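First listed ligand is number 1; within each ligand, the first listed atom is number 1. This structure is a prediction, so every number in the text was calculated from the model and none was measured. Just so it is clear, the values below take in all heavy atoms, side chains as well, and ignore hydrogens, waters and symmetry mates.
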Amino acid sequence: MANGKFPPGFLWGSSSAAYQIEGGAGEGGRGPSIWDRHCRIAGKTPNGETGDVAADHFHRWAEDIGLMTEIGLQAYRFSVAWPRVMPRGRGAVNPEGLDFYERLVDGLLAAGIEPWLCLYHWDLPLALNDLGGWANRDSAGWFADYVTVVARRLGDRVRHFATFNEQSVSTIFGYAYGGNAPMVADYPTYLKAVHHQNLAHGAAVDVVRAHVPGASIGVVHNRQPCHPETDTAENRAATATFSTHWNEVFPDPQVLGHYPAAVAGDFEPYVQAGDLARICRPLDWFGLNHYGPMFIRAEPNPLKCGFGANPPEDPPHPDVGWAIYPQAFRQELHDTADRYRLPIYVTENGCGNWEETVAADGRVVDKHRLSFLAAYTDAMAQAIADGVDVRGYFVWSLMDCFEWGSGYGNRFGVIYVDYADQQRRILKESAKWYAGLIRG
Ligand code: BGP
């Protein structure tokens with residue numbers, strides 16, 4: 001489908017996250033986060049890999065902006081690391097951390113690339129985790145204080161702010177079954193973490209509005225249609241419960257002003273008078289992250305049942321050869337627009353691969369990713385033609401990076417990072433294709 005199918009002014013960008021690309025973990029006064037500790041626990045990442053060095057973006061940010069320019073990106077979504085700005089999460093501010101983000105933002109602006117700043121992409125300062133982390137109701141206030149520091153320093157040049165990235169992933173993995181940092185597996189603790197992150201979101205919206213006149217504020221949520229692995233009563237029930245948590249417990253209160261009916265009672269003990277009004281603050285856009293549908297197999301922990309089940313059937317895309325579901329993306333764009341009635345920016349979409357190498361001619365031929373992106377952007381164009389208000393698309397990810405529990409093996413970038421050869425960057429074939437789409 002030709003680029004002519006996208007409306008004028010449609011925004012093309014890419015996304016990244018601080019812990020996944022920056023490195024410089026012990027530099028510039030940065031404090032530790034829950035992920036620094038997590039990666040040091042035996043068996044949590046392949047070969048004990050960490051984000052200590054990652055793609056060394058902390059030092060190579062200027063070169064990376066040059067590559068964004070080469071691709072023709074119009075916007076770049078990055079996250080600010082809370083522990084780089086406030087090493088202990090509250091109290092003392094680290095001027096070197098703020099200087100780093102100021103240089104990055106100035107570099108983007110000089111290159112004509114719009115900075116989209118995400119305030120939280122999973123790297124909670126470790127010192128706050130010692131106080132209970134998101135399970136402590138004070139966390140909303142800690143977050144508001146940190147957001148105030150960032151908004152004051154960068155609000156004169158950054159206009160687009162996202163409060164959080166994928167809260168359901170960080171709380172389900174982090175507090176409901178403990179697969180990721182901070183490795184808690186306790187339903188009541190999870191409920192508290194969800195509610196407090198919701199309060200933190202609302203507080204952050206208010207802080208940014210107060211400090212940044214004309215700010216455009218959104219939040220980034222992953223949403224995926226969920227299907228039972230096989231059609232049994234247990235799997236159907238598990239699917240309904242899982243989907244409510246995965247897709248709704250954050251955006252519903254934030255945008256609609258209430259918890260989903262099926263789980264509202266579970267949250268009740270933690271909700272105080274006035275909380276929902278504090279959480280539901282006016283937003284300018286909805287950031288949708290989407291990779292594919294999920295398949296659910298009932299299991300004792302209802303929040304673990306989305307991981308490990310098999311798709312009931314394999315609908316391979318002709319060019320890709322493995323299961324991809326562009327029509328589920330089109331459906332999700334419809335569902336998100338119908339439910340939340342906000343303009344949508346697709347803030348992440350992309351595809352990982354464990355087997356990517358540099359060919360003898362120096363190219364990285366990532367045909368599968370190119371086909372994936374072509375099919376998914378096509379599905380997005382169809383949704384727009386159907387009338388869904390989609391305003392922009394950010395590919396995940398700008399470059400190969402530390403992929404959380406998968407370490408460095410699973411590559412998601414449109415730019416290849418040769419970790420073994422001085423972090424050399426190579427534009428993959430998908431990046432060249434994306435550049436063509438943007439130019440089109
Ligand atoms: C999102 C995260 C990104 C990145 C991406 C990879 O959930 O926001 O940080 O990790 O997922 O996709 P996948 O979930 O398929 O590993």
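- Under the 4.0 Å distance rule, the nearest protein heavy atom to atom 11 (O) of ligand 1 falls inside the cut-off.
- Between E166 and ligand 1, at least one pair of N/O atoms sits closer than 3.5 Å.
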Exercise. Starting from the C-alpha separation in whole Å, work towards a yes-or-no answer on side-chain hydrogen bond (donor to acceptor under 3.5 Å, both in side chains) for Q327 and E332.
Key: CA-CA 9 Å; Q327 289 310 316; E332 187 54 66; over 6 Å; no

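- The protein non-hydrogen atom at the shortest distance from atom 6 (C) of ligand 1 is E403 OE2, 3.1 Å.
- A centroid separation of 6.0 Å or more is found between the aromatic rings of F394 and W12.
- Within a 6.0 Å sphere centred on CZ of R339, other residues, nucleotides and ligands contribute more than 12 heavy atoms.
- Looking at ligand 1, you'll find an N or O of W404 within less than 3.5 Å of one of its N or O atoms.
- Each of the atoms 1 (C), 2 (C), 3 (C), 5 (C), 8 (O), 11 (O) of ligand 1 lies under 4.0 Å from some heavy atom of E348.
- Shortest non-hydrogen contact noted between Y340 and V255 is O-CG1, 3.6 Å.
- Ligand 1 is approached by N165 to a heavy-atom distance shorter than 4.0 Å.
- Test F250, W134, Y270, Y175 against V194 for side-chain contact (heavy atoms from CB on, under 4.5 Å) and you get one pass: F250.
- For atom 5 (C) of ligand 1, the nearest non-hydrogen atom of the protein is Y291 OH, 3.3 Å.
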Self-check item: Trace of the side chain to side chain contact (heavy atoms under 4.5 Å, CB included) decision for L398 with Y76
Solution: CA-CA 9 Å; L398 176 67; Y76 172 58; 4.0 Å; yes

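- The six-membered or imidazole ring of H290 lies near that of F329, with a centre-to-centre distance under 6.0 Å.
- When hydrogens are left out, the protein atom nearest atom 13 (P) of ligand 1 is F412 CZ, 3.8 Å; that is the closest non-hydrogen contact.
- On a distance-only criterion, W122 and ligand 1 share no N/O pair closer than 3.5 Å.
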